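All remarks here apply to the structure that follows.
Residue numbering restarts at 1 for every chain, and letters A, B, ... go by the order of the sequence lines. As the structure is a prediction and not an experimental result, all values here were calculated from the model.
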Amino acid sequence: MNSKLLGKGYEPHDVERRWYDFWEKEKLFAADDESSAESYSIVIPPPNVTGVLHMGHALNNTLQDILCRYRRLRGDNVLWMPGTDHAGIATQNVVEKALAEEGKDRHQLGREKFIEAVWAWRERYGSAIINQLKRLGASCDWDRERFTMDEGLSRAVRKVFVELYNQGLIYRGNYIINWCHRCHTALADLEVEYEEHNGHLYYIRYPFTDNSGGIVVATTRPETMLGDTAVAINPADERYQDLTSDTVILPLMDRQIPIIKDAYVDMSFGTGGLKVTPAHDPNDFEIAERHHLASVKVIGDDGNMTSEAGKFAGMDRFECRDAVVKALEKEGVLEKIEHYAHSIGHCYRCKTIVEPNLSRQWFVNVKPLAEKAIMAVQKGETKIVPDIWTKTYYNWMNNIRDWVISRQIWWGHQIPAWTCKACDEVIVSMEAPTTCSKCGGEKLVQETDVLDTWFSSALWPFSTMGWPDDTQLLKTFYPTSVLVTGFDILFFWVARMMMMGIHFMGDVPFTDVYVHALVRDEDGQKMSKSKGNVIDPLTIIENYGTDAFRFTLAAFAAQGRDIKMSERRVEGYRHFVNKLWNAARFALMHLNQSYDKIDDDHLSLPDRWILSRLNRVINSTADALDTYRFNDAASELYNFVWHEFCDWYLEAVKPALYGKKGEGQKEAALGVLWHTLHDILVLLHPFMPFVTEEIWHKLPGTRGSIMKAAYPSDRADAADIVRDKDVESQMTLLIDMISGIRNIRGEMNISPSLALQVWVQSTDHATSETIHCHQDVVINLARLKSLHVSNTAERPKSSATAVVDGATIFVSLEGIIDFAKESERLEKEINKLSNELAKVSIKLENKAFLNKAPAHVVEDVKEKHARLLERKQKLRTNLDRIKEIET
RNA sequence: AGGCACGUAGCUCAGGGGGAGAGCGCUACCCUGACACGGUAGAAGUCGUGAGUUCAAAUCUCACCGUGCCUACCA
């Protein structure tokens, strides 16, 4: 007996550390660059180097790990490519903050020293999130870990930039972009978050040159009026048909500006007069283009007013707003102020209010790339799961606008463009040029801007595999099998990877995209630090163990639904881990060897039954995982292990295991027990890698890591485990009988220790045969003194009755029966049956149903009706008897 | 403004045209030689509201109410 090998309760911490080290040491996560096995690959959504593991990461990586571990068990050559993202703005912010604490800023250091400081920071803290992923059990091929700023990936970035530039898909120009004054950089449209805000709408009168009348405009940002270069009205607006002047005076600046007519102006808004500020509003910018208006930039890149702002120059933009309002009031041109709710854009990194700003930036013309990315999904080259996201993907791709890729920060891939000081020629090239290709000049200055981080992440599926070199890794693993991600980065990342992958690799980056839900708190709120509702995955791991946590995430991961994280649920699954542990503990008390072959001759009904059920769960789990139904797989396994294996099988075979059924049955049961536990461990391993590995090593006959095991249905002996419906229905009969007797015991308050005498009456030969053959199972599990089976109405005088299909059960209660209680119990049962019977009867009385419903449905309902009726009548007979005795 | 999802037991959620399910919680009994992180039994839902399609609707359609999210606009 080796029962001492397992402790009474499962203690995760030591086990987790031990096996993770073992897996790493044994290189069990390593992919083969070249292998005859089928390839399966996933690239990790690279977390930010500055990041700490949150629930989103935990879910995302747990799902990927389940897939990877599952595919390994299926014999695939699996590559899970790990790495991190340099997160330009976020990381720069973090390092700047650290510098600020030392009283320094980046400008004092200079660009080069600052970059060094960021690298140093990365050395020190950058592996935090990687270590946290390891605690989750993530089986990434860590030897291949990549970073978007690595030399290899940087080369890919330069290559892509140069090619897109040469193809005319990257250009530089002056356009309105979103500007964050705090991060001091341009932001892409996607990087702006809008939030509802209670502001004001200011009505300002721009008088005619003679200071009379004029046009009233409305604005939420009065300070921008300093940069107005026109007032626009709708050409169809009747209010302005009789204008005598075609100019107005811009108040405070005393500038004469034109009145222009443009159909863009919404006549129903405000007064129908629109102030035009081309440098600070995207729509105004477009109007200005159409009407060839000048642009006056009054808000500077630092958030202060520029010299163009006249006497307001140098003022902070918000202070200026108040000052302008006061000044307008003083001039008597402020008509009114209304309360006005509107949404304002904020920087997604630092939450500062962003300003549309005219600026010279680099852009990607994404339309041509997007078209191919749409086609690829339409043609099914990439499948988005669940399908619901496909529409969102199309919608966004169809309305896509050019992408600003330049950022005015230091940390990132510096744009590989140089300007010749002598002739202003722009040279874009992989390596720094020494002379100007046009004039031969030697004074070349590199563009100071860096690229958007997402520009490099867009290349992730192939840059991590060595592109632009033609590597073996790419040949084996590109396109990747699936991308697992949250919908929040569907556009930021997935769409852009699609575009770049197709353009540069000539093939989609992944064949499937599995989009999972967002993890929210128990009330459905998005977790955020500011709300203080963040649940730290590492705390959960500390308290409940990684396996319980992972299983919870899988069980919660129903498609198309957000996940509301509940600690209670994790606790529940911790109990499940412990249940498995104890089932194994019990099994290992009896198992001293492995069993290659199941002894068919001595199998009991429970043995055959559990093998049949095992066969079902093997197939349904595989099916669920193949279609990304993680929650289905998890609940199948949960129910099988707890409610079939533990509750029924283990209890049923105890007598055999304790040698009460002879050596033959004992050995047969041991064989089944070994097989079932063995397969349970393998099936559960993707979800609960640690506890399964721990038990695996205690199970006799296993060699090496469970990671090297074969999925049950792929094994040579898989044929031994077959589904047998006959066996299942026989076992169901026994289970129903036992439950019926237990119900009587419970309801009648009969002590569990009292062994009962039971008479079973059945006129159905097959039923009585089954009961007779397997009566030991019933006697054992229902705690009986005796069980008599007959086809006559032989029964004890004082008894309680239960009914199953094909048989009536009489539990002798000689001397202890409480007639009133038994009547009550029977009446309750009869009531239940009557209710069900009523529903069924309605159907059968409905001629339309009998005529139109499919024959098998009608047949089913008739059968059910007969069954219910039989049961009810039997109970009724016994109730009558009881009442007779009682009176 | 447009779009998408969701409203099922006290709580958290599965299910998805023909017998209402799970976990937690609750009630009663039980420390039965794996497990009290356990066992056995039990109570509990007009499946948001209203209409329609159908022989049959929790399930499909529409409207409404409520919740959440996404996209766009916002002078």
Side-chain angles (χ1 to χ4, degrees), chain A residues 3 6 8-10 194 199 201-204 217-221 224 232 265-266 269-277 281 283-284 340-344 388-389 391-392 395-396 399 487-488 490-491 517-518 520 522 524-526 544 548 552 555-556 558 560-569 571-590 631-632 635 638-639 643 646-647 650-651 654 658 738-739 742-747 749-753 781 783 828 836 839-840 842-843 846-854 856-858 860-861 864 868:
Chain A
S3 66
L6 293 193
K8 196 172 169 183
Y10 175 61
Y194 290 89
L201 191 59
Y202 302 87
Y203 289 79
I204 310 165
V217 298
T219 180
T220 53
R221 295 185 299 156
T224 62
V265 181
D266 180 358
F269 190 94
T271 58
L274 171 71
K275 62 191 275 305
V276 182
T277 323
D281 184 284
N283 295 308
D284 293 6
Y340 187 67
H342 60 133
S343 52
I344 296 181
I388 185 166
W389 294 106
K391 230 168 104 182
T392 314
N395 190 34
W396 190 75
N399 297 306
F487 62 79
D488 50 333
L490 193 61
F491 306 138
L518 238 53
R520 301 174 182 283
E522 266 180 296
Q525 300 285 310
K526 206 168 166 173
Y544 302 98
T552 311
F556 266 128
R561 250 217 210 214
D562 281 347
I563 293 174
K564 288 185 205 149
M565 196 59 206
S566 136
E567 223 172 308
R568 287 260 166 127
R569 257 319 254 278
E571 197 183 346
Y573 288 118
R574 181 185 63 179
H575 296 171
F576 177 57
V577 176
N578 194 55
K579 186 75 180 176
L580 173 71
W581 178 260
N582 274 289
R585 188 167 105 106
F586 171 74
L588 293 173
M589 286 177 172
H590 298 90
N631 60 321
D632 287 344
S635 70
Y638 182 96
N639 284 317
H643 299 304
C646 292
D647 287 352
L650 290 185
E651 294 305 327
K654 273 179 182 174
Y658 284 115
I738 294 161
S739 302
R742 283 173 175 172
N743 174 276
I744 290 171
R745 198 189 275 278
E747 298 268 298
N749 285 337
I750 300 163
S751 155
S753 54
L781 294 180
R783 284 177 175 267
K828 200 176 77 185
E836 266 192 71
K839 281 189 221 163
V840 178
I842 288 172
K843 280 192 175 178
N846 183 347
K847 276 194 189 130
F849 170 72
L850 296 174
N851 291 334
K852 293 190 180 177
H856 72 273
V857 173
V858 176
D860 283 354
V861 174
K864 185 183 168 193
L868 290 173

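- Side-chain atoms of A:T224 and A:D281, non-hydrogen and from C-beta on, never get closer than 4.5 Å to each other.
- Atom pair A:F849:CZ and B:U54:P shows a separation of 17 Å (rounding to whole Å applied).
- Residue A:H575 places at least one side-chain N or O under 4.0 Å from the OP1 or OP2 atom of B:G38.
- Mapped onto RNA chain B by nearest heavy atom, A:R221 and A:H856 fall at different nucleotides, with A:H856 at the one closer to the 5' end.
- Across the protein-nucleic acid pair, A:L850 atom CG and B:A56 atom C1' stand 12 Å apart, rounded to whole Å.
- Residue A:A583 is in base contact, counting any heavy-atom pair closer than 4.0 Å across all strands shown.
- Side-chain atoms of A:F487 lie closest to B:C69 of the nucleotides B:C37, B:C69, B:C4.
- The base of B:C73 is paired with the side chain of A:S343 by a donor and an acceptor separated by under 3.5 Å.
- For A:K839 and B:A56, a side-chain-to-base donor-acceptor distance below 3.5 Å is absent, hydrogens and geometry of angles not being considered.
- At a threshold of 4.0 angstrom between heavy atoms, the contacts of A:K275 with the nucleic acid are absent.
- The interatomic distance linking A:E651 (CD) with B:C30 (P) rounds to 19 Å, in whole Å.
- The side chain of A:I388 has B:C4 as its nearest neighbour among B:G18, B:A43, B:C4.
- Of the possible donor and acceptor atoms, none in the side chain of A:R569 sits under 3.5 Å from a partner among the backbone N and O of A:F556.
- Of all nucleotides listed (B:U12, B:A41, B:U32), B:U12 comes nearest to the side chain of A:R569.
- How far NZ of A:K828 is from CD of A:E747: 3.5 Å, rounded to the nearest 0.5 Å.
- Side chain of A:N639 to main chain of A:S635: a donor-acceptor pair is present (N/O by atom type, distance under 3.5 Å, no hydrogens or angles).
- Annotation: cation-pi pair A:K579/A:Y638 absent, no NZ/CZ under 6.0 Å from the ring centroid and within 45° of its normal.
- For A:T219, taking side-chain heavy atoms from C-beta onward, the closest of the listed nucleotides B:A75, B:G42, B:G18 is B:A75.
- The side-chain heavy atoms of A:F269 and A:L274, taken from C-beta on, include no pair separated by under 4.5 Å.
- Using a distance-only test at 3.5 Å, with no hydrogens or angles considered, no donor-acceptor pair links the side chain of A:N578 to the main chain of A:R574.
- Distance OH (A:Y194) to P (B:C69): 18 Å, rounded to an integer number of Å.
- Looking at the side chain of A:E836, the nearest of the listed nucleotides B:G19, B:C35, B:A14 is B:G19.
- Of the candidate nucleotides B:G3, B:G18, B:C35, B:G3 has the atom lying nearest to any side-chain atom of A:K391.
- Distance from the side chain of A:K843 is smallest to B:G19 among B:G19, B:C35, B:C37.
- Distance check: A:R568 CZ to A:T552 OG1 gives 14.0 Å after rounding to the nearest 0.5 Å.
- Side-chain proximity of A:A848 to the nucleotides B:C55, B:A41, B:A14 is greatest for B:C55.
- Taking atom CG of A:D647 as the reference point, atom C1' of B:A41 lies 13 Å away to the nearest angstrom.
- Between A:K579 and B:G39 there is a side-chain N or O to OP1 or OP2 distance below 4.0 Å.
- Taking side-chain N and O atoms only, A:N743 has a distance below 4.0 Å to OP1 or OP2 of B:G42.
- A:V217 comes within 4.0 angstrom of no nucleic acid atom, judged by non-hydrogen atoms across all strands.
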Identify each atom pair where a protein N or O and an N or O of nucleotides 25-29 of chain B are less than 3.5 Å apart, giving names and distance.
none

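- Listed nucleotides B:C55, B:U12, B:A14 differ in distance to A:N631; the shortest reach to its side chain belongs to B:A14.
- In this structure, A:L781 and A:R742 have side chains that are in contact, with non-hydrogen atoms separated by less than 4.5 Å.
- Helical stems of RNA chain B (runs of at least 3 Watson-Crick or G-U pairs, donor-acceptor distances under 3.5 Å) are listed by first residue: B:1-7 with B:65-71, B:10-13 with B:21-24, B:26-30 with B:38-42, B:48-52 with B:60-64.
- Residue A:W581 holds its CH2 atom at 9.0 Å from CG of A:L588, rounded to the nearest 0.5 Å.
- As a whole-Å value, the separation of A:N639 CG from B:G21 P is 13 Å.
- Closest to the A:Y638 side chain, of the nucleotides B:G23, B:A75, B:C55, is B:G23.
- Side chains of A:F849 and A:V861 form a contact here, defined as non-hydrogen atoms less than 4.5 Å apart.
- Here the side chains of A:T277 and A:R221 are not in contact, with every heavy-atom distance at 4.5 Å or above.
- Within the 4.0 Å cut-off from OP1 or OP2 of B:A34, at least one side-chain nitrogen or oxygen of A:K654 is found.
- OP1 or OP2 of B:A36 lies within a sub-4.0 Å distance of a side-chain N or O belonging to A:K8.
- Distances shown here put every side-chain N or O of A:H342 at or beyond 4.0 Å from the OP1 or OP2 atom of B:A72.
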Show the distances under 3.5 angstrom between N or O atoms of the protein and N or O atoms of nucleotides 58-62 of chain B.
none

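- Residue whose closest nucleotide on RNA chain B sits further toward the 5' end, between A:D281 and A:R742: A:R742.
- Under 4.0 angstrom from either OP1 or OP2 of B:A34 there lies at least one side-chain N or O belonging to A:Y658.
- Residues A:K8 and A:R585 form a side-chain contact, since some pair of their non-hydrogen atoms from C-beta on lies under 4.5 Å apart.
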